[in-house]
Structures are given as structure tokens and as C-alpha cells.
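For reference, the structure discussed in these notes is given below.
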Amino acid sequence: MEKLEIESRENRGLWRERAPSLLREDEPTVARIVGTVGLAMALFGIMAIAVTAAGRQGPFGIGWGSFFLAWGLAGLLFHAAADKDLQIRRSYSLLGALLLIGGIVFSVIPFHEKTGGLFLLGFLCFVFALLFILAALRHETEELWRNRIIAVLGIAGAAAALTAFIGGNIRQGDFLHPYGVLLALTGIFYLWAFVGLRGTSSDFAYRTGQAIGLLGGVVFLTAFVRSFFAGYLVPTGFILMCLGLLYLASSVAICSDRPLIVLTRRELASFFYSPIAYIVLIGLACVAWVAFIIFLGDVIQGTVGRAMPMVEPIVQHYIFGFIPVVLLIFIVPILTMRLLSEEKRSGTLEVLLTAPVNETTVVLSKFLAALVFLVMAWLPWGLFLVALRIEDGKPFDFRPLLSFMIAMTFMGGGFVSMGLFFSSLTRNQIASSVLCFVGMILLTGLAIIKWNVEASSPASAWVPVLAHISYVELIYRSLEGQLQPRFLVFHLSFAILWLFMTVKVLESRRWS
Amino acid sequence: MIEVDGLTKYFGPILAVDDISFRVSQGEIVGFLGPNGAGKTTTIRILTSYLPATSGIARVANHDVMKESMEVRRAIGYLPESVPLYPEMRVEEYLLFRAKLKGVDRKARPSRLHYCLERCRIREVRRRLIGTLSKGYRQRVGLADAMIHDPPILILDEPTTGLDPLQIRETLSLIKELGDQHTILLSTHILSEVEAVCRRVIIINLGRIGLDKNLSELATEAALIVLEVRGPTENVTNVLRTTDGVADVSVKAMGDSLAGFEIRTHQDRDLREVISQRVAKNGWTIRRLDLVRRKLEDHFVNVVLHDEDGLAGQKLRAANQESHE
């Protein structure tokens with residue numbers, strides 16, 4: 001066989017390789033149509049709202065106005081994220097900047113002789129400013145512009161966070177709730193974007209990330225110390241401590257280079273690389289919407305039509321019946337099916353496990369990512385209640401929603417780890433999802449057995465046993481606002497068992 | 001850097017690697033040759049601590065692959081055969097993710113990334129999704145991943161499969177350049193690749209090492225004199241055997257009183273002239289007289305074809321052992 005001639009490095013420039021799709025750019029036709037329609041809808045919505053706000057009776061009220069505005073903004077965002085054209089991306093950057101300025105103006109101008117009367121509007125402006133800037137930045141290739149825009153994000157985030165915390169510590173109750181909380185959230189989103197876009201390999205962004213953690217720590221400690229004085233803990237101290245912890249956790253999540261955090265970050269991101277995340281989120285939001293409409297009907301009937309008002313906790317009429325159960329049965333297999341089987345099928349598991357990470361870290365990172373996603377997917381349910389609170393103006397007990405979320409974290413941990421185990425058994429996603437689905441059905445069956453046993457022989461010793469291990473019971477109880485640690489501990493140990501077995505399945509290749 | 005002693009691996013009843021031992025010292029580029037299914041990938045998976053050995057010891061960078069798996073993994077850069085990558089990630093993002101996972105210091109990360117992008121010539125695709133890349137680019141992304149943490153040892157499992165000839169050439173020249181800073185174990189079944197870049201070759205077949213030599217050693221190995229003579233075969237053989245300096249003669253009858261001879265000589269002496277004189281003196285005619293040095297391919301074929309003997313020998317040994325016990 002002929003000995004291959006080795007080319008010297010100098011000769012290489014003569015011949016260049018082209019990757020396939022470098023030659024043809026996608027034409028953003030659809031995106032442009034969507035963008036144009038979105039612009040028209042947004043303008044129409046703004047006009048409808050403005051006419052109503054000016055006190056005149058237009059053909060469309062605030063409701064239709066906001067409906068058109070929301071869909072218009074969604075269309076514009078889609079266009080901004082899809083179109084690479086120089087003028088278009090600069091226009092969207094400009095729109096983002098204008099929204100940012102608008103947000104600041106709305107936050108400080110007096111309305112009805114009250115400073116910050118339009119703050120909610122300002123907050124929405126902040127959110128959309130960030131979304132538009134991020135969408136436009138996807139395509140911004142010029143370093144100078146990129147750096148400037150990222151710097152603006154950083155400054156805005158730092159300003160919002162500092163205002164929130166300094167103001168929250170000086171003015172306490174009336175400022176913190178709601179302005180301080182919303183400003184602190186704005187701040188963390190902006191700072192997050194800043195650090196993420198710069199990348200933690202850059203020194204400045206890394207220091208910023210650490211500074212976020214430091215700020216969170218200081219806020220937490222201050223609130224903790226001040227909580228020893230009477231009347232501070234509820235609600236001011238509590239809110240500040242939560243925000244401090246949020247900042248601290250964000251800092252760790254962004255900056256840490258520990259394998260567990262690095263892997264969890266990638267897993268969480270990989271949900272959004274595939275359509276799964278969007279399908280689950282949109283599906284849950286739609287179900288929440290339907291449930292909320294039915295719930296609103298009940299509330300109106302309960303308070304107006306009938307003599308008996310609706311009894312607290314009203315939240316259990318919102319997330320009612322079998323809705324959360326059915327959702328869980330479908331969502332858990334979808335979220336967990338590809339976690340390990342995909343890595344097994346494509347062979348990336350070998351690359352992963354020959355890097356210096358052990359099996360436990362890999363399994364835990366996938367578990368955490370799926371669990372965080374599962375719990376976060378329920379947040380839209382809370383947003384609908386915020387709308388009820390703002391529109392109605394009457395306080396109601398929202399705390400069952402918190403206990404529901406906590407219960408969801410523990411139960412979800414059990415389910416996700418079960419799905420993860422099935423996913424570790426096979427390279428076939430469908431097989432693993434079917435196994436997990438069957439598992440979910442069996443777990444749900446426990447509740448049905450419990451009801452049957454209870455109906456036939458209420459005194460049976462099986463009733464408390466089945467009540468203890470049935471997750472459906474836990475959902476109902478948590479929606480009533482009850483949270484008993486012993487039930488949570490059961491689901492926690494359930495999760496640990498599955499996780500342990502998953503680690504063993506991965507390790508079994510090394511057993512001789 | 002790599003020490004393997006009596007490594008054996010069974011998959012159930014199937015013997016994949018059979019008692020192999022070899023050493024790779026610092027700075028060497030070693031070609032790990034063998035036909036498909038010879039046990040190359042299994043050996044490599046044991047060396048990267050992905051699979052355990054049934055028996056035997058493997059040490060990489062002075063760490064036992066089973067007991068100090070983490071240290072071993074930190075010391076090696078591994079490119080698996082099929083180059084599995086996450087198709088949904090961008091090249092730069094993927095390499096940074098791997099760098100973090102492999103514990104590359106935060107301050108060193110941008111420069112390592114830059115170095116690997118340049119070295120593997122994937123700078124122009126660093127923002128592209130890995131799933132949209134051609135096979136050649138993906139292979140190089142895998143290579144960049146293997147070297148991102150600047151490991152002392154690189155283990156590359158068939159790094160050139162699926163590349164076009166130009167890409168193969170470039171990849172090989174890159175591997176050769178990397179040989180200055182890394183110890184490299186290059187698994188392949190393509191002989192010319194080994195000849196192009198390696199200083200040493202280990203040929204493995206059916207789980208056993210058939211040859212472990214420096215390429216320079218192979219080049220200077222005793223040459224073979226090939227002779228074709230028309231004449232009485234036995235007489236010719238006798239004459240050749242009695243010639244001074246001849247070590248061994250093998251005969252192959254070619255019919256019509258024509259015979260082929262392969263002659264090995266002591267101390268690599270070139271006896272062509274002596275032989276031609278002696279053959280001519282007896283009145284026989286010479287059809288061919290040549291000095292042949294065995295190429296790597298011949299060694300390879302030799303090792304692979306000798307398997308039958310090897311297997312037979314193995315069975316014999318096993319039978320012997322049983323009868324002794």
C-alpha cells in the first residue's frame with residue numbers, strides 16, 4: 001500500500017471545505033407575514049385600549065384591545081427571532097430600547113396623583129423590552145452593537161435590582177409589595193440575560209454573576225437579622241429573604257462549574273431545543289385557561305347567583321377534579337422518556353461517562369432538570385389567579401396554591417425518577433414512555449382502589465395505608481391547604497429508591 | 001503512559017480480548033491495528049474505564065483504570081468510533097460545555113477553545129448546530145472535544161472513518177502534529193494511516209496481539225530473497241540450503257519443473273549474487289531473483305491469517321492444561 005503523503009500546513013489554504021447549508025439562507029417569508037400581521041394587531045389593540053382609556057365608548061373594549069395586543073406582540077416576537085435582516089434586527093433592538101425607556105417613564109410618572117400608579121404597565125414594558133432585545137440579539141453579528149446592547153441589559157438589571165432592594169429595605173411594606181418584588185424579578189431576568197450573553201468565561205460576566213449571589217446573600221442576611229425585631233418578618237422580611245435566596249440560587253445556577261450544575265443546565269436547556277417543552281407548556285397553559293373559565297363561572301355563580309358564597313379555599317375549585325391527575329399521567333412520560341434512552345441510542349452516554357463525571361451526577365442532573373421543568377410548567381396556573389386578584393380587587397386565599405406546588409415538587413420527584421429509571425432501561429424512547437405511562441396509571445389506580453375499599457368497608461385498615469401512598473389524595477389534600485410531612489416523606493423515599501436503581505442500571509455495565 | 005498487563009475481557013461466553021499486554025510510553029504515536037471485530041474498541045473502552053476488564057491490569061497515566069477511574073478520565077481525551085455528539089447544540093456551546101465538565105479552568109477556557117477551534121479547523125462553523133454539520137466537521141468537533149482539556153493522552157478510535165481522502169489527509173497531519181505534545185493511541189483498520197503517522201504499530205486479531213513493533217524496526221527487518229528456478233526442485237533446494245549464510249528456505253512448486261523459493265538469510269545478508277552464481281553453475285535457469293522487504297500489509301495479513309494456527313494453539317494449550325489437572 002502506498003504511503004500517504006502528508007501535506008504541509010502551508011498548502012492547506014488552497015482548498016476550503018463548505019458545510020452544506022452555508023450556501024443558501026432561509027428566506028424568512030412566513031416570519032415577515034407573521035410580523036406584519038402582528039404589527040397590525042398590536043397597533044389595533046393599542047388604539048382600542050387608548051380609545052377606551054380616553055373615556056370614549058369605542059366598538060372594542062379593553063378586553064378585545066388586550067387580546068389583539070397580546071397576539072400582535074407574540075407575532076412580532078416571532079418575527080424578531082426569525083429574521084436576520086440588518087434593518088429589521090436594528091429596528092427591533094430600537095423597539096426594545098424604547099420599551100425600556102417607556103417602562104422607566106411609566107414606573108415614575110404620577111397617575112391619579114400617585115407615583116408609580118402605572119407601574120404594572122411599566123413592568124410589562126420591561127418584560128417585553130427584554131424579550132425583543134434578546135430576539136434581536138440572536139442575529140446581531142457586529143461586536144460593537146452586541147456589546148453595547150448587552151451592556152444596556154446589564155446596567156438596567158443592576159439598577160432594577162438595587163432599586164428594589166434598597167427601596168425595599170428603607171420603605172418596607174408599601175413599596176416592596178408589589179413594586180419591589182416585580183423590580184427584583186425584572187432585575188434578575190436582565191442580569192441573567194447579561195451574564196448568559198457574555199458567557200461565564202468572560203471575567204466581567206463571571207464577577208457580575210458572583211455579585212448577584214453576593215447581593216442575594218446580603219439581602220437575605222439583612223432581612224434575617226431585621227426579622228428579630230417584631231413585625232418585620234411577615235410579610236416584608238419573608239419576601240426579602242425569598243428574593244435574596246432567589247438571587248443566591250440564580251448566581252449558583254449561572255456561575256458554578258460543578259459538574260452537577262453544568263449538566264443540569266444543559267439538560268434543562270435541551271428541553272427547549274426540542275418541541276417537547278413548548279408542547280407541554282402550551283398544553284398546560286391551555287388547560288389552565290379552560291379550567292380558569294369554568295372556575296370563573298363557578299365563582300360568579302357562587303357569589304352572585306346563590307345564597308351560599310363559595311367557601312375558602314376557592315383554589316381547589318380551580319385546579320379541580322381529575323385535571324391535575326390526567327395532566328400528570330401524560331406529561332411525566334413525555335418529559336422523562338428521552339432523558340437517558342436518547343443518550344444510549346446516540347452513544348453520547350459513552351462520551352459523557354468517559355468524562356470525569358460519575359453516574360450519580362449524571363442521573364441527578366437529569367432528575368433535577370426534569371423536576372424543575374415539571375414544577376415550572378404549573379406556574380401559568382398561578383398567573384391566571386394573579387389576573388383574578390387584580391381584576392376583582394378582593395383578596396382570597398392563594399396559599400393552597402403554594403402547598404400544591406410543594407406537594408407537586410415531592411410527588412413530581414417520585415414520578416420523574418420513575419420515568420428516568422424506565423428511560424435508563426432501554427434505548428427506545430417509545431418503550432420507556434409506555435413503561436412510565438403504565439407506571440403512572442398503576443399509581444393512579446391506588447387512589448381508585450382506596451375509594452372502592454372505603455366505600456365497601458370504611459373501617460378497613462387498608463384505607464389509611466392506601467391514603468398514605470396514593471398521590472391523588474396528596475393533591476386533593478394540598479389543594480385544601482393541608483401539607484403533612486409524612487406524606488411528602490413517602491414520595492421523597494419513593495424518588496430516592498428509583499434514583500438509586502437508575503444509578504445502579506448505569507453502573508451495571510461495569511459489573512463483571 | 002499506558003500499561004496493559006494480561007488484559008482479558010469476556011462478554012458472557014464470548015472472548016473479546018484475550019490476555020493482551022503492551023506498553024505505550026510518553027510521546028509515542030502508536031497505531032492500534034486490526035480487522036473489524038478484533039477487539040480494538042473493547043480494549044479502548046477498558047482503557048477509558050468505560051468497561052471493566054474480566055481480568056488483568058490496565059494503568060493509564062499511572063492510574064489503575066478500575067480503581068482510579070476519575071484520574072484516568074482526566075488524563076485522557078477520547079474520541080469514540082461513531083463520534084456521538086449532541087445534535088441540538090452549537091459547536092462553540094458544546095465545546096464550552098465539555099470544557100466545563102472536564103474541569104478546564106475558567107480563565108483558560110477561551111484560549112483553549114480558540115486553540116482547539118483553530119487546530120481542528122472548525123472556526124467557521126462554531127455558531128452552527130452540530131446536527132447540520134457534515135461528517136467531516138463532526139469528526140473534527142469530536143477531536144476538538146477530545147483535546148479541549150489538553151490531556152496528556154489521546155485515544156482515538158477510528159478517527160478517519162467516513163471522511164473523504166482530503167479530509168483523511170488533513171486529519172492525519174493534525175494527529176501527527178499533536179504527537180509532539182500528546183501520547184496518542186490511534187485505532188484503525190487502515191494500514192496506510194498507520195504508516196503515515198505512527199512510530200509504532202500493535203496488530204491485534206481475535207483479541208490477541210499478533211505484532212508489536214516499531215515501524216523503523218519493521219523496515220530494517222531481515223529481507224527475503226525470492227527466487228524462481230527451472231530445474232529439479234529437490235536438488236535446487238539442497239544447493240540453496242548448503243549456501244553459506246542461508247538460514248531457511250521454503251519451496252513452492254509452480255509446475256512444469258518450475259519452482260519458487262523464499263530464502264531467509266542470517267544477519268540480513270544480500271546473497272543474490274552468490275545464489276545466482278551457484279544456480280547458474282548447475283546449469284539451471286533463473287526466471288526471477290529479487291530482494292523483498294515485507295510491508296506492513298504483509299505483516300497484517302500474516303497475523304490475521306495465522307489465526308487459525310493461533311486458535312489451534314490456544315485450544316491445544318487449553319487441552320493440555322486440562323489433561324495436567
Side-chain angles (χ1 to χ4, degrees), chain A residues 1-9 11-12 15-22 138 141 199-203 205-206 255-263 265-266 269-274 342-358 361-362 365 507 509-512, chain B residues 10 45 48-55 66 69-71 73-74 76 78 80-89 96-103 106-107 109-110 113 121 124-125 128 132-134 136-137 142 145 166-170 172-173 176-177 191-193 195-197 295-297:
Chain A
M1 206 173 276
E2 193 79 20
K3 190 169 175 171
L4 276 182
E5 188 191 326
I6 297 296
E7 219 180 352
S8 68
R9 276 183 81 81
N11 291 343
R12 265 196 215 132
W15 164 82
R16 286 217 76 73
E17 191 179 343
R18 286 221 188 101
S21 55
L22 209 62
R138 269 165 54 99
T141 41
T200 47
S201 300
S202 120
D203 215 40
Y206 186 73
C255 289
S256 172
D257 282 339
R258 296 190 66 83
L260 180 65
I261 308 285
V262 172
L263 280 172
R265 231 169 12 215
R266 198 208 82 81
S270 82
F271 277 117
F272 292 92
Y273 292 138
S274 73
E342 175 67 15
E343 299 238 18
K344 279 190 148 186
R345 192 190 55 75
S346 68
T348 42
L349 194 64
E350 184 178 352
V351 185
L352 197 55
L353 289 176
T354 48
V357 284
N358 57 28
T361 314
V362 170
S365 68
E507 278 177 355
R509 71 172 202 288
R510 287 162 60 92
W511 297 343
S512 355
Chain B
Y10 278 95
R45 282 186 171 162
T48 54
S49 81
Y50 184 68
L51 287 178
T54 310
S55 66
M66 276 312 278
S69 163
M70 284 298 159
E71 285 82 357
R73 295 187 213 178
R74 260 176 224 119
I76 54 170
Y78 173 38
E81 190 180 351
S82 53
V83 200
L85 302 165
Y86 296 114
E88 73 273 13
M89 290 179 95
L96 275 177
F97 160 68
R98 295 290 294 176
K100 283 175 198 165
L101 212 55
K102 291 175 173 185
R106 188 177 54 80
K107 290 195 174 116
R109 245 181 262 146
L113 179 71
R121 298 180 318 285
E124 64 270 27
V125 295
R128 299 267 308 267
T132 67
L133 294 180
S134 69
Y137 270 117
D145 166 31
L166 276 172
Q167 291 171 333
I168 289 181
R169 203 187 271 201
E170 296 209 343
L172 289 179
S173 77
K176 197 165 189 176
E177 285 164 24
L191 300 163
S192 57
E193 291 180 357
E195 288 181 316
V197 296
K295 286 184 193 155
L296 188 55
E297 192 182 351

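Hydrogens, waters and symmetry mates play no part in the numbers below; they use all other heavy atoms, side chains included. Within every chain, numbering begins at 1; the chains are lettered A, B, ... in the order of the sequence lines, protein sequences first and strands thereafter.
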For Leu113(B), which atoms come within 4.5 Å of any heavy atom of chain A: side chain, backbone, both, or neither? neither
Got a sec: does the OH of Tyr273(A) have more than 12 other heavy atoms crowding it under 6.0 Å? yes
Residue selection (most heavy-atom pairs with chain A, distance under 4.5 Å) from Glu71(B), Lys100(B), Lys102(B): Lys100(B)
Go through the atoms of Thr361(A) and report whether side chain, backbone, both or neither lie under 4.5 Å from a heavy atom of chain B. neither
What part of Arg106(B) gets closer than 4.5 Å to chain A, counting heavy atoms only: side chain, backbone, both or neither? both
Separation between CG (Leu96(B)) and CZ (Arg266(A)), nearest 0.5 Å, reads 14.0 Å
Would you say that Leu352(A) contacts Leu101(B) through its side chain, given a criterion of any heavy-atom pair below 4.5 Å between the two side chains? yes
What residue in Ser49(B), Ser69(B), Gly103(B), Ser82(B) has the most heavy-atom pairs under 4.5 Å with chain A? Ser49(B)
Cut-off 4.5 Å, heavy atoms of chain B, and the answer for Glu342(A) is neither
Taking the side chain as everything from C-beta on, heavy atoms only, tell me whether Ser270(A) gets closer than 4.5 Å to Glu88(B). yes
Looking only at atom types and distance, does a side-chain atom of Arg73(B) sit under 3.5 Å from a main-chain N or O of Ala355(A), one as donor and one as acceptor? yes
Between Arg509(A) and Tyr50(B), the two heavy atoms sitting closest are NE-O, 2.7 Å
Does any non-hydrogen side-chain atom of Arg265(A) lie less than 4.5 Å from one of Phe97(B)? no
Identify the heavy atoms of Pro84(B) and Gly347(A) that sit nearest to each other, and give their distance. CG-O, 3.2 Å
Between Tyr10(B) and chain A, which part of the residue has a heavy atom less than 4.5 Å away: side chain, backbone, both or neither? neither
